[in-house]
Amino acid sequence: MKIEKTQDIPCLPPRGKAGRRDDNQHPLPADTKIAMIQLLIPIALEQVGHLLSEEVQQLAGSRYARDNNRHIKRWGQQRGSVYLGDQKVHLMVPRVRDVAHNCEIPLATYQQFDQPRTTEEQLFVRILRGLSCRHYRRAAQLVPQAFGLSKSSISRRFVRASEKKLQALLHRRLDSHEFVALVLDGKTLRHAQMVIALGLTKSGEKMILGFLECASENQRVVSEFLEHLIARGLNYRQGLLVVIDGSKGLRKAITDVFGDYAAIQRCQWHKRENVVAYLPKSQQPRWRQKLQAAYEQPTYARAKEELLGLRAELKQINQSAVASLDEGLEETLTLHRLGLFKELGISLKTTNMLESINAQIAQMVSKVSRWRNSDQRQRWTASALLEIEPSLRRIKGFRHLPQLQEALQCELKIVIAAAA
């Protein structure tokens with residue numbers, strides 16, 4: 001199994017003419033040396049021994065040197081272990097004793113190697129990107145003497161790291177961002193429904209605002225979720241375009257919480273698929289193309305005219321398909337009505353940008369064979385979302401988002417007070 005690189009090896013100083021590194025001219029800090037050694041498996045174990053010997057020599061002097069004035073003495077060695085990356089490795093540790101005070105002196109180097117250098121953050125990324133806890137040991141960098149890397153210990157460290165991710169996502173502030181659009185969509189995670197909110201800033205960046213675990217996309221729980229976003233600093237009073245798939249619960253929650261400060265763009269892809277689902281399979285491809293062509297008209301008047309023409313034709317074929325087309329038809333044409341379908345339709349006419357994120361989440365959580373409880377589902381969802389977020393690109397047509405905000409304010413009759 002291929003493991004993605006998650007940690008960079010610190011740069012070494014340049015070599016001299018003879019091919020040797022001039023350590024006196026370019027000294028490395030002790031912490032940097034330790035980080036390097038723990039990454040250079042399998043020669044690390046030998047180098048650990050050298051570092052321990054150097055410290056012993058600094059404390060107790062050279063071996064067999066006779067110095068009656070030195071009260072710190074070598075005191076044999078004992079069996080111990082150090083971490084190399086994630087893994088504990090056995091080795092014999094030298095001992096040093098202060099004979100004047102009759103006490104042993106702990107070696108600072110040994111104490112630093114007694115902690116794993118691969119952090120919980122890095123380990124969490126490896127597991128999230130495809131390594132299960134069960135197979136992490138086999139896929140990790142191993143040396144023959146390694147021990148102490150059990151499935152349970154890896155799992156505990158992943159739980160701690162993912163819990164931090166969950167809390168970071170659910171509580172981070174939104175005050176410093178100016179959002180123009182919001183995309184809401186649900187994802188099914190086994191038997192649970194996750195409603196995810198994706199915000200689009202005025203400059204086009206995508207930001208995960210949060211998610212909600214619920215049995216269904218009902219109005220009450222979604223309203224509480226949106227109110228929580230507002231409590232964290234989401235400013236909707238500049239006007240928001242909210243893109244949804246057509247869920248009635250989502251729509252009701254948006255109008256209840258945002259009121260007249262939000263316009264809804266219904267996903268044209270979902271509307272098209274809902275309509276053709278009422279038709280025989282043999283007719284579906286043709287009607288899918290017709291509806292798509294109608295929605296691709298650049299202006300509101302032409303798109304509405306094309307759709308009404310298709311409605312009259314559908315009326316002779318299937319009344320249920322007509323009812324499906326009528327339901328929320330105006331909301332599928334919001335971008336057309338705002339005059340920005342040509343500029344922003346490719347990005348905002350559907351919920352596809354969130355569907356893409358959902359597909360990445362599904363890939364990351366595919367290693368989970370058993371979902372035990374809500375805490376596990378939420379930790380994995382939050383971890384996946386925050387891992388995906390940095391790779392999200394600005395939407396196509398982002399330069400027209402200030403125009404979208406102006407059009408929304410005109411459409412919704414929002415008056416923005418001039419700054420003093």
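For this chain, numbers begin at 1 and follow the sequence in order.
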Exercise. Backbone N or O of Ser247 within a donor-acceptor pair of the Glu217 side chain at under 3.5 Å?
Worked result: no
Problem set entry | Side-chain donor-acceptor pair present, Gln58, Glu54, cut-off under 3.5 Å | no
Problem set entry | Spacing of CG belonging to Leu198 relative to CG belonging to Leu182, to within rounding of 0.5 Å | 8.0 Å
Exercise. Around Leu308, counting heavy atoms of other residues, nucleotides and ligands shown, do more than 12 lie under 6.0 Å from its CG?
Worked result: yes
For this session: Check the side chains of Glu343 and Gln403 for a donor-acceptor pair under 3.5 angstrom, ignoring hydrogens and angles.
Result: no
For this session: Mind checking the OG-CG spacing from Ser223 to Leu212? Nearest 0.5 Å is all I need.
Result: 10.5 Å
Exercise. Are any non-hydrogen side-chain atoms of Ile361 and Leu385 less than 4.5 angstrom apart?
Worked result: yes
For this session: For Lys187, look at atom NZ and say whether over 12 heavy atoms of other residues, nucleotides or ligands are found less than 6.0 Å away.
Result: yes
For this session: Side-chain contact test, heavy atoms from C-beta onward, threshold under 4.5 Å: evaluate it for Gln268 versus Leu291 and give yes or no.
Result: no
For this session: Look only at the side chain of Arg337 and the backbone of Glu330, and say whether a donor-acceptor pair between them is shorter than 3.5 Å.
Result: yes
Exercise. Which atom pair, heavy atoms only, marks the closest approach of Gly199 to Leu209?
Worked result: N-CG, 3.7 Å
For this session: Quick one: closest heavy-atom pair of Leu354 and Ile196, and the distance?
Result: CD2-O, 3.4 Å
For this session: Kindly indicate whether the side chain of Val222, heavy atoms from C-beta on, has any atom under 4.5 Å from the side chain of Val257.
Result: no
Problem set entry | Evaluation steps, side-chain contact (heavy atoms from CB on, under 4.5 Å), between Val322 and Leu325 | CA-CA 5 Å; Val322 173; Leu325 180 63; 5.7 Å; no
Problem set entry | Heavy-atom neighbours of Asp175 CG exceed 12 at 6.0 Å | yes
For this session: Begin from the C-alpha positions of Leu200 and Met353 and carry the test side-chain contact (heavy atoms from CB on, under 4.5 Å) through to its verdict.
Result: CA-CA 11 Å; Leu200 300 178; Met353 67 178 74; 3.9 Å; yes
Exercise. Heavy-atom distance under 4.5 Å between the side chains of Leu314 and Tyr278, does that happen here?
Worked result: no
Problem set entry | Heavy-atom side-chain proximity of Leu169 to Phe211 below 4.5 angstrom | yes
Exercise. Is atom CZ of Arg172 surrounded by more than 12 heavy atoms (other residues, nucleotides or ligands) closer than 6.0 Å?
Worked result: yes
Exercise. How far apart are the closest heavy atoms of Met92 and Arg79, and which atoms are they?
Worked result: CE-N, 3.6 Å
Exercise. Is it true that a side-chain atom of Gln284 and a backbone atom of Val276 form a donor plus acceptor pair closer than 3.5 Å?
Worked result: yes
Problem set entry | Audit row: Lys248, Glu327, salt bridge (Lys or Arg N to Asp or Glu O under 4.0 Å) steps and yes/no | CA-CA 11 Å; Lys248 293 181 179 179; Glu327 193 271 322; 5.6 Å; no
Exercise. Quick one: does His400's side chain get under 4.5 Å of Lys342's, heavy atoms only?
Worked result: no
Seminar exercise, completed: Taking every heavy atom of Glu213 against every heavy atom of Ser374, the minimum-distance pair comes out as OE1-OG, 2.6 Å
Problem set entry | Separation of Ile357 CD1 from Asn352 CG (nearest 0.5 Å) | 11.5 Å
Exercise. Can you name the nearest heavy-atom pair linking Ser324 to Lys271, along with the distance?
Worked result: O-NZ, 2.6 Å
Exercise. Is a side-chain N or O of Tyr300 found less than 3.5 angstrom from the main chain of Leu335, in a donor-acceptor match?
Worked result: no
For this session: Output yes when a side-chain donor or acceptor of Ser347 lies under 3.5 Å from a complementary backbone atom of Lys396, and no otherwise.
Result: yes
Exercise. How are the rings of Phe341 and His336 set relative to one another: parallel (under 30°), tilted (30 to 60°) or perpendicular (over 60°)?
Worked result: parallel
Problem set entry | Arg232 backbone acceptor or donor facing Arg173 side chain under 3.5 Å | yes
For this session: Report the C-alpha separation of Lys290 and Glu306 in whole Å, then their side-chain angles, then the decisive distance to 0.1 Å, and conclude whether the salt bridge (Lys or Arg N to Asp or Glu O under 4.0 Å) test is met.
Result: CA-CA 9 Å; Lys290 285 185 174 184; Glu306 289 284 336; over 6 Å; no
Problem set entry | Steps toward side-chain contact (heavy atoms from CB on, under 4.5 Å) verdict (Val195, Val221) | CA-CA 10 Å; Val195 177; Val221 296; over 6 Å; no
For this session: I would like to know whether Lys165 and Arg379 meet side-chain contact (heavy atoms from CB on, under 4.5 Å); could you show each step before the answer?
Result: CA-CA 7 Å; Lys165 293 289 183 181; Arg379 285 188 293 100; over 6 Å; no
Exercise. Can you tell me if Glu178 uses its side chain to pair, donor with acceptor, with the backbone of Thr201 under 3.5 Å?
Worked result: no
Exercise. Quick one: SG on Cys214 to CZ on Arg220, what's the gap to the nearest 0.5 Å?
Worked result: 13.5 Å
Problem set entry | Side-chain donor or acceptor of Glu389 paired with backbone N/O of Ile208 under 3.5 Å | yes
Exercise. Taking Ser391 for the side chain and Ile388 for the main chain, is one N or O donor matched with an acceptor at less than 3.5 Å?
Worked result: yes
Problem set entry | Smallest separation among heavy atoms of Leu340 and Ala407, with atom names | CD1-CB, 4.3 Å
For this session: Would you indicate whether Glu305, at its atom CD, is surrounded by more than 12 heavy atoms from other residues, nucleotides or ligands within a distance under 6.0 Å?
Result: no
Exercise. Heavy-atom distance under 4.5 Å between the side chains of Glu355 and Trp269, does that happen here?
Worked result: no
Exercise. Could you give the distance from CD1 (Ile244) to CD1 (Ile254), rounded to the nearest 0.5 Å?
Worked result: 4.5 Å
Exercise. Quick check: are there more than 12 heavy atoms from other residues, nucleotides or ligands sitting under 6.0 Å from CZ of Arg399?
Worked result: no
For this session: Begin with the C-alpha distance, continue with both residues' side-chain angles, and end with the deciding distance and a verdict on salt bridge (Lys or Arg N to Asp or Glu O under 4.0 Å) for Lys413 and Asp260.
Result: CA-CA 8 Å; Lys413 297 179 174 58; Asp260 295 333; over 6 Å; no
Seminar exercise, completed: When rounded to the nearest 0.5 Å, the distance separating NZ of Lys349 from OG1 of Thr334 is 14.5 Å
Exercise. Quick one: are Leu408 and Ile414 in side-chain contact, heavy atoms under 4.5 Å?
Worked result: no
